[in-house]
Structures are given as C-alpha cells and as structure tokens.
Amino acid sequence: MSAEHSPSLCTICSNHETQTSISPGLCPSCEDLARAVQEQPEVVKRLWLRHQNEPILPEMAPQSIGNEVELPDVLDGKRYRTIDRDRNKWYLSVSEVNGKPVEIFASTAFDRDHELQARIANLTTITRLISLLLRHIFLGERLTFNKCLRQIQRSSRQKNDLPDMLYGVLSRYNTENAEKTD
C-alpha cells in the first residue's frame, strides 16, 4: 500500500484507523467520546474528579468588588492595528489588570469623517459594554442594568444615533427598585 493511501491512526487512542470516521482524525469510538465531552461537560468534570481525585480545572477564587470599580490611573495594555473590509485602519487598545483584559477601546484615523461617526458611536457602545463584561468576568465587578444603561448613554455621539435610541428604549424598563440596588 502506498504512503498516500495508508490509513491514519486516531489522534486520541492511536489504535484505530480513522477512515470511517466522520470527525477528521478520530476513530468512530473516540468520536463518540469527543461528542460526549462536547455535549456533557459536567459529566466529564465529575468523571475526572472521581478518577483523578482533583478538579479538571483549578477553581478561580471569587473576588468581591463593590459596585463601582475604581481602576488604577495607569494600566498595562496592548494596542492592535487592524484594517476593515473598506480598508480603513482601526486601532484596538486593550487595558489589562494582572494580564487580564478589563477595557477595550477602538479608534480610527478617520474620526472626522461624517459617514464614520455613526459607526464610531456604535463601536463605542460595543466596546463599553464589552469592557463592562470583562470587568465583571475578570475583576468580579457587579453587573447591573443601570451600569449597562450608563455605558450605552455615554457612547452616544449625537441625538437620535443608535446608542441614544437604545438608551431611550431600554431606560423605559428601568424601575425605581433597580436604581436603589445599583
């Protein structure tokens, strides 16, 4: 048999051929295992703990931070330059705390271009909400409806742009009770 037509072995068990497998690189038996891992991760965690006597992933120590996180005045960060499909250059800056992203900003050299103003307002909304989520995930900052509203409102660049309209509609759902707990 030539090398071109020789069957390849399964990347998990290395015992069976993968010719009949639907998933590339896996034999039918290991394909079932891979599907179970994907569809039932909690079962995999319990099995791992039972057979290895330790968690599959180290537990993250929850950090409790008050409602308003005061980030340091100076943060480590990285800047990335990208080009969109219209060939515009964009700069994405990611601020970090202990190597974890906590804020993201986007800017372009075309800030003065009127056509891009709406795109920039929308982009600002996206990056503000992503930053809020990153602080929640990595710093344990409490995520509230009022904080989301405030970030949407702050990203508006002019009356009746998309962030302004989003804020107007969503603020109707803001109740006194939500304000008191924020």
Side-chain angles (χ1 to χ4, degrees), residues 11-12 25 33-85 87-111 116-157 161-164 166-167 170-171 173-175 177-182:
T11 57
I12 293 178
L33 174 64
R35 188 177 306 107
V37 168
Q38 183 178 6
E39 294 173 359
Q40 300 174 329
E42 292 305 316
V43 172
V44 173
K45 286 180 185 178
R46 286 195 306 271
L47 284 170
W48 182 274
L49 182 60
R50 182 184 309 154
H51 294 284
Q52 298 297 322
N53 202 23
E54 65 182 31
I56 195 168
L57 295 173
E59 291 294 320
M60 296 290 288
Q63 297 177 334
S64 180
I65 294 181
N67 284 344
E68 291 300 317
V69 172
E70 189 66 35
L71 293 174
D73 289 338
V74 178
L75 293 171
D76 291 332
K78 295 181 178 134
R79 187 186 84 159
Y80 302 89
R81 185 177 64 192
T82 62
I83 298 175
D84 67 17
R85 64 178 170 254
R87 310 295 299 155
N88 295 311
K89 288 182 186 172
W90 291 87
Y91 301 94
L92 305 175
S93 300
V94 179
S95 301
E96 300 174 347
V97 171
N98 298 324
K100 303 292 186 192
V102 295
E103 287 183 324
I104 186 165
F105 300 96
S107 62
T108 180
F110 300 99
D111 277 349
L116 285 178
Q117 286 299 312
R119 286 173 60 190
I120 293 168
N122 297 346
L123 180 64
T124 301
T125 303
I126 292 167
T127 58
R128 283 181 170 273
L129 292 174
I130 289 172
S131 296
L132 187 61
L133 287 170
L134 291 172
R135 290 192 302 275
H136 172 74
I137 292 168
F138 293 114
L139 298 178
E141 178 181 339
R142 188 167 169 250
L143 186 58
T144 67
F145 187 63
N146 277 347
K147 285 183 181 182
C148 291
L149 283 177
R150 191 165 43 250
Q151 294 303 320
I152 293 169
Q153 183 182 35
R154 288 178 179 170
S155 61
S156 176
R157 290 180 168 249
D161 62 4
L162 182 58
D164 184 53
L166 287 170
Y167 175 78
L170 290 175
S171 63
Y173 294 92
N174 197 10
T175 64
N177 192 16
E179 290 177 18
K180 290 179 184 175
T181 60
D182 197 32

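Two residues are said to be in side-chain contact when any heavy atoms from C-beta on lie closer than 4.5 Å; L170 and C148 fail this criterion. Side-chain contact between I83 and R87 is present, with heavy atoms from C-beta onward closer than 4.5 Å. You'll find the side chain of Y80 stays beyond 4.5 Å of the side chain of Y91, heavy atoms only. Between K89 and T82, every side-chain heavy-atom pair lies at or beyond the 4.5 Å cut-off. A 4.5 Å side-chain heavy-atom check between L71 and R135 finds at least one atom pair inside the cut-off.
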### Task
Apply the test side-chain contact (heavy atoms from CB on, under 4.5 Å) to residues F138 and V97: give CA-CA distance (whole Å), side-chain angles for both, the deciding distance (0.1 Å), then the verdict.
CA-CA 9 Å; F138 293 114; V97 171; over 6 Å; no
### From CA spacing to verdict: side-chain contact (heavy atoms from CB on, under 4.5 Å), S93, I104
CA-CA 6 Å; S93 300; I104 186 165; over 6 Å; no
### Query
Given the rule in the side-chain contact (heavy atoms from CB on, under 4.5 Å) test, do I120 and R157 qualify, once you have shown the distances and angles that lead to the verdict?
CA-CA 9 Å; I120 293 168; R157 290 180 168 249; 3.0 Å; yes
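Across S95 and L75, no two heavy atoms sit closer than the pair CB-CD1, 3.6 Å. Taking all atoms of both residues into account, the shortest heavy-atom contact from I152 to Y167 is CG2-N, 3.8 Å. Of all the heavy atoms in E141 and L132, the pair that sits closest is OE2-CD1, 3.8 Å.
A donor and an acceptor atom, one from each side chain of S155 and T124, are nowhere located under 3.5 Å apart.
Rounding to the nearest 0.5 Å gives a distance of 11.0 Å between NZ of K100 and CG of L139. Between T144 atom OG1 and H136 atom NE2 the span is 11.0 Å, to the nearest 0.5 Å. Distance check: L133 CG to R128 CZ gives 14.0 Å after rounding to the nearest 0.5 Å.
Every side chain to side chain contact (heavy atoms under 4.5 Å, CB included) that L123 has, sequence neighbours left out, goes to W90, A106, T127. Applying the side chain to side chain donor-acceptor pair (under 3.5 Å) criterion to D161, with sequence neighbours excluded, gives S156. Evaluation of the side chain to side chain donor-acceptor pair (under 3.5 Å) rule for E103 yields no partner, not counting sequence neighbours.
In this structure a side-chain-to-backbone donor-acceptor pair under 3.5 Å is present from K147 to R142.
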